[in-house]
Amino acid sequence: MSSEAAQGERNTRDTRGVRGGTPAPPPPGGVLWSLSGDVRALLMLPAALTLQVAHPAVGAGVDEHSVFRTDPWGRGERSLRSLQLWVYGGDAAAEEGRRLRALHRTIQGTDARGRHYHALSPANYAWVHATGFPVYRHGARYLLRPLTEEQERALYREWLQVGRILGIHDRDMPQTIEEFWPYYRKMLADEIGTNAVVEELVATDRPVPPPDRGPLPVRLLLRALWPVLLPPLARFRRFVTIGLMPPDAREAIGLEWTDAQERRLRRWCAVVRHVVPVLPERLRYLPYARRARAAHREAVRRGALRRSHGAPARSA
(Lines give C-alpha, C1' and ligand atoms only; values in the text may rest on other atoms or scores of the structure.)
Protein backbone atom coordinates (compact mmCIF):
# COMPACT_ATOMS: atom_id res chain seq x y z
CA MET A 1 0.00 0.00 0.00
CA SER A 2 1.32 3.47 -0.88
CA SER A 3 2.00 6.04 1.84
CA GLU A 4 -0.88 8.14 0.48
CA ALA A 5 -3.25 5.16 0.72
CA ALA A 6 -2.04 4.36 4.21
CA GLN A 7 -2.68 7.94 5.28
CA GLY A 8 -6.10 7.76 3.71
CA GLU A 9 -6.90 4.60 5.62
CA ARG A 10 -5.81 6.31 8.84
CA ASN A 11 -7.94 9.38 8.19
CA THR A 12 -11.04 7.39 7.23
CA ARG A 13 -12.45 6.17 10.53
CA ASP A 14 -15.02 3.35 10.45
CA THR A 15 -17.98 5.18 11.97
CA ARG A 16 -19.93 1.92 11.97
CA GLY A 17 -17.70 0.93 14.90
CA VAL A 18 -19.67 3.32 17.15
CA ARG A 19 -23.41 3.22 17.84
CA GLY A 20 -24.85 6.19 19.65
CA GLY A 21 -21.50 6.96 21.22
CA THR A 22 -21.01 3.37 22.42
CA PRO A 23 -18.35 1.21 20.72
CA ALA A 24 -19.92 -1.61 18.73
CA PRO A 25 -18.47 -5.13 18.59
CA PRO A 26 -16.93 -6.46 15.37
CA PRO A 27 -19.49 -7.15 12.65
CA PRO A 28 -21.17 -10.54 12.14
CA GLY A 29 -19.50 -12.44 9.33
CA GLY A 30 -16.18 -10.67 9.83
CA VAL A 31 -12.79 -12.28 10.33
CA LEU A 32 -12.97 -12.16 14.13
CA TRP A 33 -16.53 -13.47 14.04
CA SER A 34 -15.24 -16.64 12.38
CA LEU A 35 -11.88 -16.85 14.15
CA SER A 36 -12.28 -16.07 17.83
CA GLY A 37 -15.21 -18.44 18.44
CA ASP A 38 -13.60 -21.40 16.69
CA VAL A 39 -12.31 -23.99 19.18
CA ARG A 40 -8.89 -23.72 17.52
CA ALA A 41 -8.60 -20.20 18.93
CA LEU A 42 -8.26 -21.80 22.37
CA LEU A 43 -4.89 -23.12 21.26
CA MET A 44 -3.70 -19.58 20.44
CA LEU A 45 -4.66 -18.00 23.77
CA PRO A 46 -1.66 -19.27 25.82
CA ALA A 47 0.73 -17.63 23.35
CA ALA A 48 -1.16 -14.33 23.55
CA LEU A 49 -1.23 -14.41 27.35
CA THR A 50 2.49 -15.18 27.56
CA LEU A 51 3.33 -12.35 25.16
CA GLN A 52 1.20 -9.97 27.24
CA VAL A 53 2.93 -10.76 30.53
CA ALA A 54 6.39 -10.57 28.90
CA HIS A 55 5.91 -6.81 29.28
CA PRO A 56 7.47 -5.83 32.65
CA ALA A 57 4.47 -3.82 33.87
CA VAL A 58 1.89 -6.39 32.76
CA GLY A 59 3.95 -9.23 34.20
CA ALA A 60 4.28 -7.43 37.52
CA GLY A 61 0.55 -6.73 37.65
CA VAL A 62 -0.30 -10.36 37.01
CA ASP A 63 2.37 -11.56 39.44
CA GLU A 64 1.12 -9.36 42.28
CA HIS A 65 -2.63 -9.12 41.69
CA SER A 66 -3.86 -12.11 39.64
CA VAL A 67 -5.27 -15.35 41.04
CA PHE A 68 -3.86 -17.39 38.15
CA ARG A 69 -1.84 -19.52 40.60
CA THR A 70 -4.58 -20.20 43.15
CA ASP A 71 -7.60 -20.31 40.80
CA PRO A 72 -6.26 -21.07 37.29
CA TRP A 73 -9.45 -22.70 36.00
CA GLY A 74 -11.72 -19.95 37.27
CA ARG A 75 -9.36 -17.29 35.95
CA GLY A 76 -9.27 -18.97 32.55
CA GLU A 77 -13.03 -19.36 32.41
CA ARG A 78 -13.62 -15.69 33.24
CA SER A 79 -11.03 -14.53 30.70
CA LEU A 80 -12.55 -16.65 27.94
CA ARG A 81 -16.05 -15.41 28.75
CA SER A 82 -14.82 -11.83 28.60
CA LEU A 83 -13.07 -12.33 25.26
CA GLN A 84 -16.18 -13.90 23.75
CA LEU A 85 -18.33 -11.01 24.92
CA TRP A 86 -16.07 -8.51 23.13
CA VAL A 87 -16.90 -10.17 19.81
CA TYR A 88 -20.30 -11.83 20.26
CA GLY A 89 -21.83 -9.91 23.17
CA GLY A 90 -23.79 -7.31 21.20
CA ASP A 91 -24.82 -4.55 23.59
CA ALA A 92 -23.11 -6.42 26.45
CA ALA A 93 -19.69 -5.95 24.78
CA ALA A 94 -19.23 -2.32 25.85
CA GLU A 95 -20.58 -3.14 29.31
CA GLU A 96 -17.93 -5.85 29.65
CA GLY A 97 -15.27 -3.35 28.59
CA ARG A 98 -16.39 -0.98 31.35
CA ARG A 99 -16.37 -3.81 33.88
CA LEU A 100 -12.79 -4.71 33.00
CA ARG A 101 -11.60 -1.14 33.36
CA ALA A 102 -13.24 -0.88 36.77
CA LEU A 103 -11.61 -4.18 37.77
CA HIS A 104 -8.15 -2.90 36.80
CA ARG A 105 -8.53 0.55 38.35
CA THR A 106 -6.68 -0.31 41.58
CA ILE A 107 -3.95 -2.48 40.03
CA GLN A 108 -0.64 -0.68 40.38
CA GLY A 109 2.83 -1.17 41.82
CA THR A 110 6.48 -1.32 40.80
CA ASP A 111 7.74 -3.52 37.97
CA ALA A 112 10.98 -5.51 37.80
CA ARG A 113 12.79 -2.49 36.33
CA GLY A 114 11.86 -0.32 39.29
CA ARG A 115 9.26 1.68 37.37
CA HIS A 116 5.86 2.55 38.76
CA TYR A 117 3.04 1.00 36.76
CA HIS A 118 -0.72 1.23 36.62
CA ALA A 119 -2.78 -1.38 34.77
CA LEU A 120 -4.81 1.30 32.97
CA SER A 121 -1.83 3.33 31.79
CA PRO A 122 -2.47 3.68 28.04
CA ALA A 123 0.84 2.07 27.05
CA ASN A 124 0.27 -0.96 29.29
CA TYR A 125 -3.42 -1.51 28.53
CA ALA A 126 -2.85 -1.01 24.81
CA TRP A 127 -0.08 -3.63 24.77
CA VAL A 128 -2.33 -6.25 26.36
CA HIS A 129 -4.86 -5.56 23.62
CA ALA A 130 -2.28 -5.31 20.81
CA THR A 131 -0.89 -8.83 21.32
CA GLY A 132 -4.07 -10.44 20.02
CA PHE A 133 -3.53 -9.31 16.44
CA PRO A 134 -0.09 -10.84 15.74
CA VAL A 135 -0.97 -14.04 17.61
CA TYR A 136 -4.27 -14.51 15.74
CA ARG A 137 -2.54 -13.74 12.46
CA HIS A 138 0.27 -16.21 13.12
CA GLY A 139 -1.92 -18.94 14.62
CA ALA A 140 -4.32 -18.83 11.68
CA ARG A 141 -1.47 -19.81 9.35
CA TYR A 142 -1.01 -23.05 11.25
CA LEU A 143 -4.49 -23.97 12.47
CA LEU A 144 -6.83 -22.55 9.81
CA ARG A 145 -5.26 -21.00 6.70
CA PRO A 146 -3.03 -18.00 5.99
CA LEU A 147 -5.02 -14.79 5.89
CA THR A 148 -5.14 -12.89 2.62
CA GLU A 149 -3.99 -9.27 2.70
CA GLU A 150 -7.63 -8.16 2.66
CA GLN A 151 -8.50 -10.49 5.57
CA GLU A 152 -5.45 -9.30 7.50
CA ARG A 153 -6.53 -5.68 7.15
CA ALA A 154 -10.09 -6.58 8.10
CA LEU A 155 -8.81 -8.43 11.17
CA TYR A 156 -6.83 -5.36 12.22
CA ARG A 157 -9.81 -3.03 11.74
CA GLU A 158 -11.98 -5.36 13.80
CA TRP A 159 -9.30 -5.63 16.48
CA LEU A 160 -9.31 -1.83 16.71
CA GLN A 161 -13.04 -2.05 17.41
CA VAL A 162 -12.27 -4.46 20.25
CA GLY A 163 -9.78 -1.91 21.58
CA ARG A 164 -12.49 0.74 21.62
CA ILE A 165 -14.77 -1.65 23.51
CA LEU A 166 -12.00 -1.98 26.09
CA GLY A 167 -11.93 1.79 26.43
CA ILE A 168 -8.64 2.37 24.61
CA HIS A 169 -8.51 5.67 22.72
CA ASP A 170 -7.63 5.66 19.04
CA ARG A 171 -4.63 7.87 19.79
CA ASP A 172 -3.18 5.05 21.90
CA MET A 173 -3.53 2.36 19.20
CA PRO A 174 -1.75 2.24 15.83
CA GLN A 175 -4.55 2.97 13.38
CA THR A 176 -3.23 1.00 10.41
CA ILE A 177 -1.17 -2.13 9.85
CA GLU A 178 1.62 0.06 8.48
CA GLU A 179 1.73 1.82 11.85
CA PHE A 180 1.30 -1.35 13.88
CA TRP A 181 4.43 -3.24 12.83
CA PRO A 182 6.97 -0.52 13.76
CA TYR A 183 5.19 -0.14 17.12
CA TYR A 184 5.24 -3.91 17.64
CA ARG A 185 8.92 -4.27 16.73
CA LYS A 186 9.87 -1.40 19.04
CA MET A 187 7.98 -3.04 21.91
CA LEU A 188 9.79 -6.33 21.28
CA ALA A 189 13.14 -4.54 21.21
CA ASP A 190 12.66 -2.20 24.18
CA GLU A 191 10.24 -3.83 26.60
CA ILE A 192 9.64 -7.51 26.05
CA GLY A 193 11.60 -10.21 27.87
CA THR A 194 11.25 -13.11 30.24
CA ASN A 195 10.13 -12.80 33.87
CA ALA A 196 8.77 -15.00 36.65
CA VAL A 197 5.25 -15.14 35.21
CA VAL A 198 6.49 -16.05 31.71
CA GLU A 199 8.61 -18.82 33.20
CA GLU A 200 5.62 -20.19 35.10
CA LEU A 201 3.39 -20.15 32.03
CA VAL A 202 5.83 -22.28 30.01
CA ALA A 203 7.05 -24.47 32.89
CA THR A 204 6.37 -28.20 32.87
CA ASP A 205 7.13 -28.84 36.54
CA ARG A 206 4.90 -26.33 38.37
CA PRO A 207 1.95 -27.59 40.43
CA VAL A 208 -1.47 -26.97 38.89
CA PRO A 209 -4.64 -28.00 40.74
CA PRO A 210 -7.07 -30.35 38.96
CA PRO A 211 -10.05 -28.75 37.21
CA ASP A 212 -12.81 -27.66 39.57
CA ARG A 213 -15.43 -27.00 36.88
CA GLY A 214 -17.87 -29.39 35.23
CA PRO A 215 -19.95 -32.36 36.37
CA LEU A 216 -19.00 -33.85 39.73
CA PRO A 217 -18.18 -37.36 38.37
CA VAL A 218 -15.80 -35.83 35.80
CA ARG A 219 -14.11 -33.69 38.44
CA LEU A 220 -13.66 -36.68 40.75
CA LEU A 221 -12.19 -38.75 37.93
CA LEU A 222 -9.80 -35.97 36.93
CA ARG A 223 -8.74 -35.50 40.53
CA ALA A 224 -7.86 -39.19 40.81
CA LEU A 225 -5.96 -39.22 37.49
CA TRP A 226 -4.38 -35.78 37.82
CA PRO A 227 -0.90 -36.96 38.90
CA VAL A 228 -0.74 -38.97 35.67
CA LEU A 229 -2.43 -36.42 33.39
CA LEU A 230 -0.66 -33.24 34.50
CA PRO A 231 2.89 -33.93 33.17
CA PRO A 232 1.86 -34.56 29.52
CA LEU A 233 -0.66 -31.71 29.66
CA ALA A 234 2.04 -29.35 30.94
CA ARG A 235 4.38 -30.40 28.14
CA PHE A 236 1.62 -29.88 25.58
CA ARG A 237 0.81 -26.44 27.01
CA ARG A 238 4.46 -25.42 26.67
CA PHE A 239 4.59 -26.84 23.13
CA VAL A 240 1.60 -24.85 21.82
CA THR A 241 2.44 -21.72 23.82
CA ILE A 242 5.91 -21.40 22.30
CA GLY A 243 5.07 -22.94 18.92
CA LEU A 244 2.09 -20.69 18.14
CA MET A 245 3.85 -17.52 19.26
CA PRO A 246 5.17 -15.35 16.40
CA PRO A 247 8.88 -16.17 15.95
CA ASP A 248 10.06 -12.60 16.54
CA ALA A 249 8.16 -12.47 19.84
CA ARG A 250 9.51 -15.88 20.80
CA GLU A 251 13.03 -14.63 20.16
CA ALA A 252 12.48 -11.40 22.09
CA ILE A 253 11.35 -13.34 25.15
CA GLY A 254 14.19 -15.84 24.81
CA LEU A 255 12.12 -19.00 24.35
CA GLU A 256 13.96 -21.83 22.62
CA TRP A 257 12.39 -23.56 19.61
CA THR A 258 14.08 -26.15 17.42
CA ASP A 259 13.58 -27.19 13.80
CA ALA A 260 12.42 -30.59 15.01
CA GLN A 261 9.75 -28.96 17.18
CA GLU A 262 8.65 -26.81 14.25
CA ARG A 263 8.22 -29.89 12.05
CA ARG A 264 6.23 -31.64 14.77
CA LEU A 265 4.03 -28.57 15.24
CA ARG A 266 3.30 -28.37 11.51
CA ARG A 267 2.33 -32.06 11.37
CA TRP A 268 0.07 -31.74 14.39
CA CYS A 269 -1.56 -28.55 13.11
CA ALA A 270 -2.21 -30.19 9.73
CA VAL A 271 -4.30 -32.82 11.50
CA VAL A 272 -6.22 -30.17 13.46
CA ARG A 273 -6.71 -28.12 10.30
CA HIS A 274 -8.41 -31.04 8.55
CA VAL A 275 -10.41 -32.47 11.45
CA VAL A 276 -12.05 -29.41 13.01
CA PRO A 277 -13.91 -28.15 9.90
CA VAL A 278 -15.82 -31.43 9.59
CA LEU A 279 -17.00 -31.38 13.21
CA PRO A 280 -20.64 -30.46 13.94
CA GLU A 281 -21.13 -26.82 14.89
CA ARG A 282 -21.79 -27.65 18.55
CA LEU A 283 -18.25 -29.03 18.78
CA ARG A 284 -16.50 -26.59 16.48
CA TYR A 285 -17.62 -23.32 18.08
CA LEU A 286 -17.53 -22.08 21.67
CA PRO A 287 -20.94 -21.52 23.33
CA TYR A 288 -21.13 -17.71 22.97
CA ALA A 289 -20.07 -17.93 19.34
CA ARG A 290 -22.50 -20.76 18.62
CA ARG A 291 -25.46 -18.86 20.07
CA ALA A 292 -24.50 -15.63 18.31
CA ARG A 293 -24.10 -17.39 14.97
CA ALA A 294 -27.50 -19.07 15.35
CA ALA A 295 -29.17 -15.77 16.29
CA HIS A 296 -27.54 -14.03 13.32
CA ARG A 297 -28.69 -16.73 10.91
CA GLU A 298 -32.23 -16.43 12.28
CA ALA A 299 -32.18 -12.63 11.91
CA VAL A 300 -30.97 -12.96 8.31
CA ARG A 301 -33.68 -15.53 7.60
CA ARG A 302 -36.41 -13.29 9.03
CA GLY A 303 -35.08 -10.32 7.09
CA ALA A 304 -35.16 -12.34 3.88
CA LEU A 305 -38.74 -13.43 4.58
CA ARG A 306 -39.85 -9.85 5.21
CA ARG A 307 -38.25 -8.70 1.99
CA SER A 308 -39.81 -11.53 0.01
CA HIS A 309 -43.28 -10.83 1.42
CA GLY A 310 -42.95 -7.17 0.62
CA ALA A 311 -41.64 -7.68 -2.91
CA PRO A 312 -44.07 -7.15 -5.79
CA ALA A 313 -45.24 -10.29 -7.50
CA ARG A 314 -43.57 -11.16 -10.75
CA SER A 315 -45.62 -10.85 -13.92
CA ALA A 316 -46.27 -14.09 -15.79
Side-chain angles (χ1 to χ4, degrees), residues 1 5-6 8-10 12-45 48 79-97 100 126 128-168 170 173-181 244 273 276-277 279 281 284-304:
M1 175 182 275
E9 183 177 332
R10 177 181 175 85
T12 304
R13 301 294 172 84
D14 185 3
T15 56
R16 292 172 298 177
V18 177
R19 298 181 306 205
T22 299
V31 179
L32 265 180
W33 182 267
S34 301
L35 179 58
S36 65
D38 192 300
V39 294
R40 288 170 286 188
L42 293 175
L43 296 167
M44 306 178 200
L45 296 182
S79 296
L80 183 60
R81 175 184 178 275
S82 185
L83 191 155
Q84 295 290 287
L85 281 173
W86 305 343
V87 179
Y88 304 105
D91 293 337
E95 181 181 343
E96 175 64 9
L100 286 175
V128 172
H129 164 258
T131 56
F133 172 69
V135 171
Y136 270 146
R137 172 183 176 271
H138 183 69
R141 295 177 55 203
Y142 286 77
L143 294 166
L144 290 92
R145 66 179 66 85
L147 300 177
T148 65
E149 181 181 353
E150 181 180 353
Q151 289 171 329
E152 204 170 297
R153 291 185 179 279
L155 174 61
Y156 193 73
R157 288 194 301 271
E158 293 167 18
W159 201 240
L160 286 178
Q161 286 182 236
V162 170
R164 296 176 189 120
I165 287 169
L166 295 175
I168 304 173
D170 278 3
M173 298 183 289
Q175 291 296 292
T176 68
I177 287 181
E178 287 77 14
E179 293 174 354
F180 175 81
W181 292 119
L244 293 176
R273 203 164 53 241
V276 172
L279 295 175
E281 184 151 326
R284 180 178 174 183
Y285 290 99
L286 298 169
Y288 272 99
R290 194 166 62 245
R291 290 193 292 269
R293 288 167 62 86
H296 179 61
R297 285 196 299 268
E298 178 62 18
V300 170
R301 186 187 68 83
R302 290 180 178 178

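Both backbone and side-chain heavy atoms feed into the values below; hydrogens, waters and symmetry mates do not.
Nearest heavy-atom pair across L85 and A93 is O-CB, 3.3 Å. Taking both residues in full, the closest heavy atoms of A289 and G37 are given as CB-CA, 3.5 Å, listed atom of the first, atom of the second, then distance. What you find for P174 and L160 is that their closest heavy atoms are O-CD2, 3.4 Å. Between M44 and A140, the shortest heavy-atom distance links the atoms CE-N, 3.9 Å. In this structure, I168 and H129 approach most closely via the heavy-atom pair CD1-CB, 3.6 Å.
Residues Y136 and L32 are in side-chain contact: their nearest non-hydrogen atoms beyond the backbone lie under 4.5 Å apart. Side-chain contact between W86 and L100 is present, with at least one heavy-atom pair separated by less than 4.5 Å. Using a 4.5 Å cut-off on side-chain heavy atoms (C-beta onward), E179 and M173 make no contact. Between H138 and V135, every side-chain heavy-atom pair lies at or beyond the 4.5 Å cut-off. Looking at L244 and Y142, their side chains come closer than 4.5 Å, going by heavy atoms from C-beta outward. Counting heavy atoms from C-beta on, the side chains of W181 and P134 come closer than 4.5 Å. Side-chain contact between L35 and R40 is absent, with no heavy-atom pair separated by less than 4.5 Å. Within the 4.5 Å cutoff, side-chain heavy atoms of H296 are placed close to those of W33.
Ion pair E178/R153 flagged as a salt bridge, since at least one NZ, NE, NH1 or NH2 atom sits closer than 4.0 Å to an Asp/Glu carboxylate oxygen. Under 4.0 Å is where a charged nitrogen must lie from a carboxylate oxygen, and between R290 and E281 no such pair does. The pair R157-E152 fails the salt-bridge criterion, with no side-chain N (NZ, NE, NH1 or NH2) lying under 4.0 Å from an Asp/Glu carboxylate O.
Summarising the geometry, atom CG belonging to L80 is positioned 6.0 Å from atom CG belonging to L42; distances are rounded to the nearest 0.5 Å. Note that the CD atom of Q151 and the CG atom of L144 stand 10.0 Å from one another [nearest 0.5 Å]. Taking CD1 from I165 and CH2 from W159, the interatomic distance works out to 9.5 Å, rounded to the nearest 0.5 Å. Rounded to the nearest 0.5 angstrom, Q175 CD and D170 CG are separated by 4.0 Å. Between atom CZ of residue R293 and atom OG of residue S34 there is a gap of 6.0 Å, rounded to the nearest 0.5 Å.
Looking at L45, L286, L83 one by one, the single match for side chain to side chain contact (heavy atoms under 4.5 Å, CB included) with S36 turns out to be L83.
The cationic atom of R291 (NZ for Lys, CZ for Arg) does not lie both less than 6.0 Å from the six-membered ring centre of Y88 and within 45° of the ring axis.
Using modelled atom types, one side-chain atom of Q161 and one backbone atom of P25 make a donor-acceptor pair closer than 3.5 Å. Between the E158 side chain and the L155 main chain, no donor and acceptor come within less than 3.5 Å of each other.
Within 6.0 Å of the CD atom in E298, the count of heavy atoms belonging to other residues, nucleotides or ligands exceeds 12.
Using cut-offs of 30° and 60° on the angle between ring planes, the pair F180 and F133 is perpendicular.
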